[in-house]
Amino acid sequence: MGMYYFHLEDDETIVDSDGTDLVNTAAAREHAAAVARELTAKSTGLLDQKWSGWTMSVHDDSGLELFSLAMSDFGDGNSGK
Amino acid sequence: MGQLRRPILVHTAAQGHRDNRLLAALPPDTLALLDRDLRQVSLGHGAILLEPGDPIEDIYFPQTGLISLLILGRDGGATETATVGREGAVGLHGVLGGRRSFTRATTQIGGRFSTIRAGRFEHIANGSVPVRDLIQRYTEVLLAEAQQIGACNATHDTRARLCRWLLQCADRTGRDELPLIQEFLAQMVGVRRTTVTLLAQSLQVRGLIRYRRGRIVLLDRKGLEECACECYDIMRHEKLGPALGVHV
């Protein structure tokens with residue numbers, strides 16, 4: 001088990017200040033994809049920026065970046081409102 | 001000493017009961033009938049008031065706290081179908097006699113609640129047109145709300161639903177500082193905790209809220225309303241009743 005942090009990065013960084021305890025990096029990949037789907041579903045973007053500009057950057061407890069995901073690979077791009 | 005203290009306690013409790021808008025809407029003589037049986041209780045976060053299938057033995061009228069009604073899944077997950085604050089009550093249909101709860105009712109935000117035994121409330125309702133009317137009108141509003149939330153969950157994005165939910169919590173507790181456990185907040189919106197953390201941080205970056213674990217302060221209600229889906233406006237207490245042709 002270890003703590004994993006899922007930050008969002010564009011011109012600004014949205015910090016996952018809490019982190020999530022997961023068994024390994026494979027589980028962190030699954031978690032990252034699930035969170036990305038939840039964020040992008042029926043949504044076009046965040047903080048006035050399209051999802052195409054956003055990346056999810058996943059770090060371990062030491063601050064090392066393990067992998068990143070393009071948020072544009074998830075979601076349906078529909079406006080939710 | 002006891003004789004001096006007693007009237008003060010009764011007075012305080014009666015004032016507290018009127019902090020619930022359903023009770024406050026009753027004619028004074030009707031509320032006076034209930035006053036004898038209403039008790040004021042303090043409940044913390046996470047108190048389970050009803051489980052699905054439980055007989056409804058007590059009715060709760062939030063004064064300052066908030067109750068969530070949850071549908072439980074076979075996987076142990078829970079989905080919120082309604083929140084009840086000072087504008088409403090939980091267990092009102094218990095007065096119909098022998099009714100059981102369809103949902104779990106749990107305190108989302110701790111606080112003060114007025115409570116009365118369902119059997120006693122039923123007895124009073126049988127002899128009181130205002131109380132029966134109140135039950136009927138509020139049940140209609142709650143049904144409309146559940147339908148709106150169902151549509152909201154299916155249609156609107158997570159950020160809009162989170163903003164709607166925060167505004168409703170503030171309205172229904174009468175405070176802009178909300179003691180919200182993050183895991184519970186994620187459950188209410190139906191997403192992972194990480195998703196709520198990131199969305200809350202994004203709202204904080206925009207200056208709409210101040211957020212730290214376990215506590216959210218609403219800083220810019222107008223900004224939050226712009227981020228929320230239209231469901232917030234539709235379900236506003238002062239709008240939904242009149243929209244249905246009922247005045248709670």
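Just so you know, these numbers come straight off a predicted model, no measurement behind them.
For chain A, no part of B:Q204 is nearby; none of its heavy atoms comes within less than 4.5 Å. Neither the backbone nor the side chain of B:R212 comes within contact range of chain A; no heavy atom of the residue lies under 4.5 Å from a heavy atom of that chain. Of the atoms belonging to B:R192, heavy atoms from both backbone and side chain fall under 4.5 Å from chain A. If you measure heavy-atom distances from B:A154 to chain A, the contacts under 4.5 Å come from the backbone alone.
Taking 4.5 Å as the limit, some side-chain heavy atom of A:L39 sits within range of a side-chain heavy atom of B:L198.
Around the CZ atom of B:R215, the shell of radius 6.0 Å holds more than 12 heavy atoms that belong to other residues, nucleotides or ligands. For CZ of A:F67, the number of neighbouring non-hydrogen atoms (other residues, nucleotides, ligands) closer than 6.0 Å is greater than 12. More than 12 non-hydrogen atoms from other residues, nucleotides or ligands lie less than 6.0 angstrom from CD of B:E51.
Closest approach of A:L47 and B:S202 over heavy atoms only: CD2-O, 3.4 Å.
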* Give the intermediate values and the outcome of side-chain contact (heavy atoms from CB on, under 4.5 Å) for residues A:D48 and B:R206. => CA-CA 10 Å; A:D48 306 322; B:R206 279 292 176 265; 3.7 Å; yes
* Begin from the C-alpha positions of A:K42 and B:H156 and carry the test side-chain contact (heavy atoms from CB on, under 4.5 Å) through to its verdict. => CA-CA 6 Å; A:K42 307 180 190 77; B:H156 296 138; 5.9 Å; no
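From A:Y5, atom OH reaches atom OG1 of B:T197 across 11.0 Å, with rounding to the nearest 0.5 Å. In this structure, OG1 on A:T44 lies 8.0 Å from CG on B:D157, to the nearest 0.5 angstrom.
Of all residues spanning residues 9-18 of chain A, those with a heavy atom less than 4.5 Å away from chain B's heavy atoms are A:E12, A:I14, A:V15, A:D16, A:S17, A:D18, arranged by number. The interface of residues 24-37 of chain A with chain B, defined by heavy-atom distances below 4.5 Å, comprises A:H31, A:A34, A:V35.
Between chain A and the options B:V191, B:L199, B:V205, the largest number of non-hydrogen pairs under 4.5 Å is found for B:V191.
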